[in-house]
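Down below is the structure, laid out as structure tokens.
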Amino acid sequence: MVVTWGRPEDNGGAEIEGYILEKRDKDGVRWTKCNKKRLTDLRFRVTGLSDGHFYEFRVSAENAAGIGEPSEPSIFYRACDILYPPGPPSNPKVTDTSRSSVSLAWSKPIYDGGAPVKGYVVEAKEAAADEWTTCTPPTGLQAKQFTVTKLKENQEYNFRICAINSEGVGEPATIPGAVIAADKIEPPEIELDADLRKVVTVRASGTLRLFVTIKGRPEPEVKWEKAEGTISDRAQIEVTSSYTMLVIDNVNRFDSGRYNLTLENSSGKKSAFVNVRVLDTPSAPINLTIREVKKDCVTLAWEAPLIDGGAKITNYVVEKRESTRKAYASVTTGEVFKVNADFAGRPIPVISWTKDGKELEGKARVEIASTDHTTAVTVKDCIRGDSGQYVLTLQNIAGTRSLAINCKVLDRPGPPAGPLEINGLTAEKCHLSWGPPQENGGTSRIGNEYIFRVMGVNKYGVGEPLESVAVKALDPFTVPSPPTSLEITSVSKDSITLCWARPETDGGNEISGYVIERREKTSLRWIRVNKKPVYDLRVKSSGLREGCEYEFRVYAENAAGLSLPSQNTPLIRAEDPIFLPSPPSKPKIMDSTRSSITIGWTKPLFDGGAPVTAYTVEYKKIDETDWTTAIQNLRGTEYTITGLASGSEYVFRVRSINKIGVSEPSDISEPQVAKEREEEPTFDIDSEMRKTLIVKAGESFTMSVPFRGKPVPNVTWNKPDTDLRTRASIDISDNRTSLTIEKATRNDSGKYTLTLQNILNTATLTLVVKVLDTPGPPSHIAAKDVTKESAVLSWDVPENDGGAPVKNYIIEKREASKKAWVTVTNNCHRLSYKVTDLQEGAIYYFRVSGENEYGVGMPCETKEGTKITDNIFNDLKIFSFSESPEIDMKGFPHNTVYIRAGSNLKVEIPVSGKPLPKVTLSRDGVPIKPTMRFHTETTAESFIINLKESVAADAGRYDITAANSSGTTKSFVNIVLALEKQVIHLIQSLQLMLVVCIL
């Protein structure tokens with residue numbers, strides 16, 4: 001914030017040596033100094049203020065006697081950044097067109113001017129017209145997209161968008177080129193999400209939603225079909241111009257299958273499909289038959305269900321009316337029964353053990369040991385009563401989990417149940433029968449051998465027994481032989497699939513299932529893979545750790561038990577399979593010389609599951625059949641093949657390499673002759689780069705411009721009246737140049753011209769920079785009409801207004817005998833001012849400073865002192881050399897100048913007169929206010945009109961008035977805007993007139 005003040009009315013009899021400026025925050029009570037050193041000027045820039053706070057200021061003068069009383073405090077001023085209109089919106093683009101509308105979209109401006117953007121204004125015009133029409137409400141549009149309607153079919157239009165903030169409407173962002181209002185013709189397109197490209201799985205009773213993005217102009221007809229029949233009556237189909245959705249509620253196993261989607265319009269046809277799998281229980285097995293019945297067993301057979309419910313059948317559950325079959329862990333009497341369990345949970349769960357529904361407590365033979373992650377129960381010297389179901393229960397605030405273990409203790413059987421019945425008694429034989437023991441010792445068979453004995457009885461008693469030989473109670477079958485041909489058929493990072501063949505013999509009893517075990521290379525324990533028996537000859541072992549090596553083995557099981565294990569598989573690493581990569585893209589010709597050609601390509605779409613590490617480049621002449629390898633194991637995607645024959649035509653191809661090997665070759669490149677490639681210089685820039693670069697004073701800026709050209713063009717940077725070699729840092733390479741200016745000032749504003757030149761052509765680019773700064777010094781300051789107590793000062797506007805109009809001037813005076821400047825006024829809005837209360841006979845110097853919204857600029861000072869005296873001879877002298885103003889328009893036929901729309905205009909009109917006349921330009925009686933785009937300047941010989949980036953509104957008549965003390969002269973100039981062809985025709989006409997005049 002800049003604070004100014006005037007000198008005190010009374011200096012106390014001693015010269016003022018300086019000033020002390022103080023500030024006070026509205027929220028505080030203390031006054032604090034703003035300046036560390038004594039101030040000798042009558043203004044000071046106060047820094048270190050808090051954004052948004054209000055401050056008041058006071059100043060005290062100081063002389064040899066000390067510091068005087070402070071001035072009255074100023075009003076409160078709010079400290080805040082200066083606000084500007086916003087910059088142009090970014091990324092303007094056309095998103096859609098129709099025969100009567102155009103849809104636009106854009107992003108917010110990079111620079112918001114320091115205030116939030118309130119909205120946007122969209123303007124349109126026919127390409128051949130000059131006037132823009134506002135399409136949005138005057139208050140602006142909040143959204144960043146808009147559709148302009150009511151357009152003429154097949155008509156070309158231009159569009160531009162402006163942002164609005166509290167300071168007004170900012171610069172426009174123009175849609176490049178002309179846009180034709182016409183319907184788009186697009187063949188149908190289907191965009192399947194990655195999830196839809198895989199198998200879509202849905203649990204039974206859930207909802208299936210297939211959402212597919214579609215495109216097409218005109219809007220395509222949408223058709224859903226089911227490959228294996230008709231779509232369920234429960235299906236609901238929704239169709240819009242941008243998507244279609246198939247929804248089936250309460251799905252079941254019959255909704256599984258392939259769903260086909262077809263789009264069709266007048267531009268073409270497109271189809272896609274989605275595979276759906278409903279995770280449901282399988283349907284019932286079929287053809288259940290009873291094959292064999294014995295007194296204690298029955299043999300069943302059946303066929304697999306027609307529908308597996310979306311998952312492979314892992315096993316079957318066979319039930320009988322009394323109970324369900326369960327697996328048991330066998331323990332022999334007197335041995336130790338121990339169960340170990342690892343677990344996890346947060347927080348650490350509470351552990352409890354039960355047996356047959358009752359809490360298991362530690363006893364002499366029962367021990368329970370637990371840690372934070374393990375628990376174990378140990379039963380020593382097992383007896384028949386320790387048989388039963390043991391249940392481990394874990395519980396925390398997140399839930400409860402239980403696991404049951406069935407234990408059967410093998411022991412001698414109890415006594416057979418009576419009574420002992422005797423039938424068929426004769427003198428030589430009898431038939432004995434009895435019931436089974438109540439306790440069978442853990443097995444259904446009463447031992448492995450039976451011994452019978454017979455004793456005779458008479459009236460004297462029982463005779464000696466006759467014992468039979470031992471008879472074994474054996475089943476008529478044994479365990480099967482081990483499975484054969486165990487091999488690994490599929491490997492991924494977390495699963496491995498195994499296959500095997502049936503055992504050579506089933507042991508006389510049908511195979512009831514298979515048990516699979518795996519072992520990690522670094523472990524000693526074999527872990528069971530399947531919890532339930534596997535009936536198929538194939539299993540997938542999941543839950544593996546990526547990078548670990550595993551081996552597997554398989555057991556066969558029948559009614560007699562488990563077979564011996566199969567041969568172990570070789571160790572196999574769990575990792576995703578890797579294949580050869582696909583070829584790279586078709587090589588493109590990047591450059592060529594007489595003996596070399598440079599090609600480039602992009603990486604392959606599929607890397608085979610392993611990173612592409614290198615490429616092989618091959619080439620041959622167009623008329624040859626054999627390929628030559630230029631390089632192997634190249635890491636980049638660009639390569640220059642050297643040593644070629646000048647003038648010969650070559651083709652190229654590239655192969656990808658990963659750790660598996662080398663891919664098939666890519667498509668062959670376009671033929672290219674080995675010769676020097678010539679290319680006109682061009683700039684590789686977008687529309688954003690061509691916009692005016694706005695920089696705050698004191699900041700640095702860099703303009704970096706990429707370009708192309710062959711041979712490499714010469715690069716030059718130019719700016720009128722500036723030596724960029726000393727002011728800027730310029731960097732140049734073969735394809736890019738940049739210009740950097742540190743600590744920008746108002747003098748760095750203007751046009752920077754970048755020129756590229758090679759043997760083919762010259763390209764020029766003009767970049768505009770606007771530095772937001774205080775204005776430069778006013779020009780042509782002069783003192784006139786001097787009397788014994790006053791003088792009239794006049795001046796012209798600063799040549800550089802600092803990027804904002806000069807709204808005020810500050811006039812100061814200084815007696816020749818003193819050093820301090822005294823402010824005459826800080827509120828002058830004209831280009832002249834009468835200074836009064838001057839001391840007769842004294843010599844004064846005067847200076848004037850311009851002020852814009854960025855602050856007070858540099859002063860312009862009179863070069864010579866002005867003596868304050870009323871001298872009649874001076875007036876006579878001035879009168880004797882005076883000359884009325886004259887405006888010479890001879891060089892402008894019909895007082896008219898022509899300019900092409902959008903270009904710049906500079907008109908120099910000769911003006912003479914003594915003293916130098918003051919020349920003004922007005923339109924319709926209103927003086928033209930100088931701006932960066934439209935301003936004038938007066939020299940000793942001419943009046944210059946500068947107009948940049950002309951628009952239609954600039955056309956018309958402008959009145960010129962030249963005035964000095966000898967009189968006033970008026971004239972005018974007509975500015976006519978014309979299309980390029982009209983300008984060319986006008987020039988040709990003028991040339992023809994010139995020839996006629998010469999003849």
Side-chain angles (χ1 to χ4, degrees), residues 198-199 304 308 311-316 327 329 340-342 344 478-507 509-558 560-582 604 606-614 633 655-664:
K198 304 174 184 178
V199 176
D308 61 5
K312 187 176 180 181
I313 302 294
T314 57
N315 62 279
Y316 296 90
N340 294 302
D342 297 333
T478 61
V479 296
S481 60
T484 60
S485 305
L486 177 61
E487 61 179 351
I488 294 172
T489 59
S490 177
V491 181
S492 72
K493 65 182 179 181
D494 58 1
S495 66
I496 293 176
T497 302
L498 312 170
C499 286
W500 60 89
R502 293 181 177 276
E504 294 181 356
T505 67
D506 60 4
N509 185 262
E510 186 176 1
I511 301 296
S512 60
Y514 297 91
V515 175
I516 300 92
E517 294 181 331
R518 72 169 184 246
R519 185 179 70 84
E520 197 173 323
K521 181 181 179 181
T522 57
S523 175
L524 299 175
R525 295 177 56 196
W526 286 89
I527 300 173
R528 185 163 175 167
V529 172
N530 55 314
K531 295 182 180 179
K532 298 181 179 179
V534 172
Y535 303 105
D536 202 354
L537 298 177
R538 180 175 179 271
V539 75
K540 181 178 181 181
S541 176
S542 57
L544 306 182
R545 294 193 299 168
E546 184 177 4
C548 292
E549 292 182 295
Y550 295 88
E551 61 179 339
F552 296 84
R553 65 187 183 187
V554 181
Y555 298 83
E557 184 178 12
N558 66 5
L562 292 175
S563 70
L564 292 175
S566 66
Q567 291 289 329
N568 298 349
T569 64
L571 285 168
I572 186 75
R573 187 184 301 274
E575 58 187 1
D576 285 334
I578 302 175
F579 310 96
L580 290 176
S582 61
F606 176 60
D607 62 6
V612 173
T613 56
N633 296 321
R655 299 174 186 263
S656 309
I657 303 174
N658 66 5
K659 67 180 183 179
I660 296 299
V662 182
S663 74
E664 293 295 318

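Model, not experiment: these values are computed from the prediction. Atoms considered below: every heavy atom in the structure, side chains included; atoms not considered: hydrogens, waters and symmetry mates.
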Q.
Can you tell me how far apart NZ (Lys540) and OG (Ser495) are? Round to the nearest 0.5 Å.
A. 4.0 Å

Q. What residues, two or more places apart in sequence or in another chain, satisfy side chain to side chain contact (heavy atoms under 4.5 Å, CB included) together with Asn633?
A. Ala614, Ile657

Q.
Out of the candidates Ile516, Ile496, Val534, only one should pair with Val529 under the side-chain contact (heavy atoms from CB on, under 4.5 Å) rule; please name it.
A. Ile516

(Q) The criterion is side chain to side chain donor-acceptor pair (under 3.5 Å); which residues satisfy it with Ser541, sequence neighbours excluded? (A) Arg518

Q: Heavy atoms only: give me the nearest Arg538-Cys499 pair and the separation to one decimal.
A: CG-SG, 3.6 Å

**Q.** Expected output: side-chain Asn658 to main-chain Asp607 donor-acceptor under 3.5 Å
**A.** yes

Q. Who pairs with Asn530 by side chain to side chain donor-acceptor pair (under 3.5 Å), at least two apart in sequence or on another chain?
A. none

(Q) Using modelled atom types and a 3.5 Å cut-off, is there a donor and acceptor pairing between side-chain atoms of Ser656 and backbone atoms of Ser663? (A) no

(Q) Taking Asp506's backbone N and O only, do any of them form a donor-acceptor pair with Asn558's side chain (distance below 3.5 Å, no angle check)? (A) yes

Q | Qualifying side-chain hydrogen bond (donor to acceptor under 3.5 Å, both in side chains) pairs, either residue in residues 564-577, two or more places apart | A | none

Q) What residues form a side chain to side chain contact (heavy atoms under 4.5 Å, CB included) with Leu537, not counting sequence neighbours? A) Trp500, Arg502, Tyr514

Q) At their closest point, which heavy atom of Pro480 faces which heavy atom of Ser563, and how far apart are they? A) O-CB, 2.9 Å

Q) Sequence neighbours excluded, which residues qualify as side chain to side chain contact (heavy atoms under 4.5 Å, CB included) partners of Ser490? A) Thr497

Could you pull out every donor-acceptor pair under 3.5 Å between side chains of residues 545-554 and any protein atom, sequence neighbours left out?
| unit_1 | atom_1 | unit_2 | atom_2 | d |
| --- | --- | --- | --- | --- |
| Arg545 | NH2 | Glu520 | OE1 | 3.2 |
| Arg545 | NH2 | Glu520 | OE2 | 2.4 |
| Glu549 | OE1 | Lys521 | NZ | 3.1 |
| Tyr550 | OH | Arg545 | N | 3.1 |
| Glu551 | OE2 | Arg519 | NE | 2.8 |
| Glu551 | OE2 | Arg519 | NH2 | 2.3 |
| Arg553 | NE | Glu517 | OE1 | 2.8 |
| Arg553 | NE | Tyr555 | OH | 3.4 |
| Arg553 | NH2 | Glu517 | OE1 | 2.9 |
| Arg553 | NH2 | Tyr555 | OH | 3.2 |

**Q.** Closest non-hydrogen atom pair, Pro483 against Leu564
**A.** CD-O, 4.3 Å

Q. Which residues pass the side chain to side chain contact (heavy atoms under 4.5 Å, CB included) test with Arg525, sequence neighbours left out?
A. Ser523

